[in-house]
Amino acid sequence: MRGIVLKYNQKNINTDLIIPARYLNDSDPEHLGLHCMEDLDHDFKQKKDNLKATIIVADSNFGSGSSREQAPIALKAAGIICIIAPSYARIFYRNAINIGLPIIEFDDISKINTGDELEINFEDGTMNNISNKSEFKIGKMPKFLQEIISIGGLVNFAKKIILEK
Amino acid sequence: MGLTITEKILRDHTDNKNAVAGDIILANVDKCLGNDITAPISFDVFDKIIEGTNKGVFDREKIILTPDHFTPNKDVASAMQSKKLKDFSYKHKILYYFEMGRVGIEHCLIPQEKLVLPGEVFIGADSHTCTYGALGAFSTGVGSTDLGVAMALGKCWFKIPESIKFIYTGKLNKWVSGKDLILYTIGQIGVDGATYKAMEFTGDVIEKLSMANRFTMCNMATEAGGKNGIIPPDNITKNYLKDVEENKYKIYNSDKDAQYEDIIEFDCSKVEPQVAFPHLPENTKPISEVHNMQIEIDQVVIGSCTNGRLEDLEIAAKIIGNNKINSKLRCIVIPGTQEIYLEAIKKGYIELFVRSGAIVSTPTCGPCLGGHMGILAANERALSTTNRNFLGRMGHIESKVYLSSPAIAAASAIKGYITSPDY
Ligand code: SF4
């Protein structure tokens, strides 16, 4: 997977900042995507579009707060294909995997900047920063989680099990 | 190598009999839970999974649905959500659907009804599902998709968590409760101090703690980022379950040589009643310091899944006694369940609250999440026995929420500022 980075050097970016509660009256992903991150950064959409960014890098405890699944849905609908942060709130982590949004735990976010192009290989557990020619180990994502993501999320995974029975 | 109680319970719920902390498993769940906010999304997930098959719910006796957040329905939108719970429950013959008037705040109701037992794996689409670890179950909050999948398959994936062992020793100071111990703990380790981890609460203080206080402590494990809180069952647990046949549940204990990520010991004789300041539960201060600040408040809330049990109401009633609620503030008392409500009526607490000038509500989450029944205006301050004091949690984005035990809340309701019954 390849993509350009938009970085926020902020800890505890909570689910209210990712998708404010006032937009939860409509669960249509497109609508959620339009308002994604708007309380964190009013220019999120414009910055993302100008850079053609698809990867968000942020500081620790990303996605804290409520268990709302609308948070990763909004990010995915906004065209984000991967998130990189030192740590995540645990229900956000689950929800992201469950809807098929890959998410990487990576401590050394100082080595990545807005505008950098990354190449991520989940199978080998490596990440290449093409822009500053550095390579990192990201640890392999557990097979089981890779499987859920590759099949498009937990719903498809469960459907497969039901059909096999 | 020894195992923790959390590892043992999860291992026994999967085919992988060698699974240890760090491994990802697909576990069989004993029960799963949804409420009026989270379950509607799960129903859509469930319908997608079973679409085109002749399958139904995995077990109609293992699904619990509790319309408790915005109920009795506060507006049309919440009525529509609640109706979805009812319709799904009747369609799939769900055994544990609790209609309004019989429902209570889920995390008070479920242990009370013995719908969770030691050794079980319990998931709920609600972050405070970690409450039931107080009974020695593995119990955790999940997302709506997880719940939808669990309703179809009876399974949920987990990474078996590493555990942090907390040891509480020493003699408890006056008015120090489970709430103060957990606030103190979060103050020490921070809101992400136990992220992904099991928080195992042990020590001679815990061994003497009542079930109500144990529920309060495990309830707030999620406020430190924890996956679950857990207390190994003992005689206090067994006594709580005296109406349940002992062969219906399984007691697990951590091995002496179990591996812990960290072991943290607290000398409780140094712990005073705690107050968490806006806007994070980790912003704790001891009451002696807070008292001197003379923080005036506009609202006191005594209730919620953290502190809406009979013991909590009892402490509040004893402190309020014949006093009147301070003329400048509203005091809202919410029993956690109908049974707690009835007991409180029998014991005279409810009459005492009403005479003192407090508001008593039917069981509901209500103000805890800024739903209804006590929303704050701009610049208002509330002292609440709930578990979260995030920005705007109880109403206006410019309001403030302080967290405390019922004793501190009741004393402050009389005085009008945050204080202890001792001052
Ligand atoms: S009382 Fe508050 S914290 Fe508990 S379940 Fe209800 S809304 Fe959530």
Side-chain angles (χ1 to χ4, degrees), chain A residues 11-12 14-17 20-22 24-27 39 59-73 85-101 105 139 141-148 152-165, chain B residues 22-26 37-38 40-42 44-53 55 58 77 124-129 140-153 155-159 161 190-192 194-197 222 225-228 280 369-370 388 390-393 397:
Chain A
K11 286 186 182 174
N12 304 318
N14 65 49
T15 51
D16 278 293
L17 297 174
R22 61 181 177 278
L24 300 181
N25 54 351
D26 184 345
S27 53
D39 282 10
D59 210 340
S60 57
N61 204 24
F62 188 88
S64 53
S66 81
S67 66
R68 75 180 60 140
E69 208 158 296
Q70 287 89 341
I73 292 174
S87 66
Y88 300 86
R90 57 164 287 272
I91 300 182
F92 179 87
Y93 186 93
R94 295 188 75 80
N95 288 342
I97 301 284
N98 286 349
I99 65 154
L101 176 66
E105 291 175 284
M141 180 176 276
K143 249 210 162 104
F144 181 74
L145 302 189
Q146 275 188 42
E147 198 182 326
I148 294 176
L154 193 66
V155 170
N156 291 349
F157 178 84
K159 182 130 205 154
K160 200 176 119 208
I161 294 184
I162 283 263
L163 292 174
E164 276 167 8
K165 260 194 204 164
Chain B
D23 290 340
I24 295 196
I25 57 164
L26 196 58
I37 294 185
T38 57
I41 306 174
S42 308
D44 296 340
V45 168
F46 173 83
D47 287 341
K48 258 191 229 157
I49 295 169
I50 62 156
E51 195 188 320
T53 73
K55 298 286 192 327
F58 86 107
D126 187 279
S127 53
H128 294 100
T129 307
T140 190
V142 296
S144 293
T145 295
D146 289 304
L147 175 61
V149 169
M151 290 194 299
L153 296 182
K155 289 185 193 292
C156 188
W157 69 268
F158 299 106
K159 183 166 169 192
V191 292
D192 57 357
T195 301
Y196 311 140
K197 307 287 183 257
T222 187
K227 177 173 281 184
N228 63 315
L280 281 179
L369 77 162
R388 280 188 180 145
F390 297 162
L391 189 72
R393 172 81 177 176
I397 197 115

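The structure presented is a predicted model; accordingly, all values stated were derived computationally and were not measured. Every chain is numbered from 1, with letters handed out A, B, ... down the list of sequences.
- Chain A forms the most heavy-atom pairs under 4.5 Å with one residue out of B:Thr140, B:Thr53, B:Thr145, and that residue is B:Thr145.
- Note that the CZ atom of A:Arg94 and the NZ atom of B:Lys227 stand 6.5 Å from one another [nearest 0.5 Å].
- Open room surrounds NZ on A:Lys11; 12 or fewer heavy atoms of other groups in view lie less than 6.0 Å from it.
- Contacts of B:Leu26 classified as side chain to side chain contact (heavy atoms under 4.5 Å, CB included), with partners at least two apart in sequence or in another chain: A:Phe144, A:Phe157, A:Ile161, B:Lys155, B:Trp157.
- The nearest pair of heavy atoms linking A:Lys159 to B:Lys48 is NZ-O, 2.9 Å.
- Interatomic distance, OG of B:Ser144 versus CD of A:Gln70, reported as 7.0 Å (0.5 Å rounding).
- Looking at every heavy atom in both residues, A:Ala158 comes nearest to B:Leu153 through CB-CD1, 3.8 Å.
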Exercise for the section: Take A:Glu105 and B:Tyr196 through the side chain to side chain contact (heavy atoms under 4.5 Å, CB included) test and state the conclusion after the steps. Expected result: CA-CA 13 Å; A:Glu105 291 175 284; B:Tyr196 311 140; 3.1 Å; yes
Problem - Criterion side chain to side chain contact (heavy atoms under 4.5 Å, CB included) on B:Val191 and A:Ser64, from CA distance to verdict - result: CA-CA 9 Å; B:Val191 292; A:Ser64 53; over 6 Å; no
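- Considering all non-hydrogen atoms of both residues, B:Gly143 and A:Asn95 come closest at CA-OD1, 3.2 Å.
- Considering A:Leu163, A:Leu154, A:Val155 as possible partners of B:Ile49, the one that fulfils the side-chain contact (heavy atoms from CB on, under 4.5 Å) test is A:Val155.
- Proximity to chain B involves both the backbone and the side chain of A:Tyr88, based on heavy atoms less than 4.5 angstrom apart.
- To the nearest 0.5 angstrom, B:Ile41 atom CD1 is 6.5 Å from A:Glu69 atom CD.
- For a residue to count as touching a neighbouring chain, one of its non-hydrogen atoms must lie under 4.5 Å from one of that chain's; by this rule B:Thr195 touches chain A with the side chain only.
- In this structure a side-chain-to-backbone donor-acceptor pair under 3.5 Å is present from A:Arg90 to B:Gly141.
- Annotation: the span from A:Ser87 atom OG to B:Asp192 atom CG amounts to 6.0 Å, rounded to 0.5 Å.
- In this structure, no portion of B:Asp23 lies under 4.5 Å from any heavy atom of chain A.
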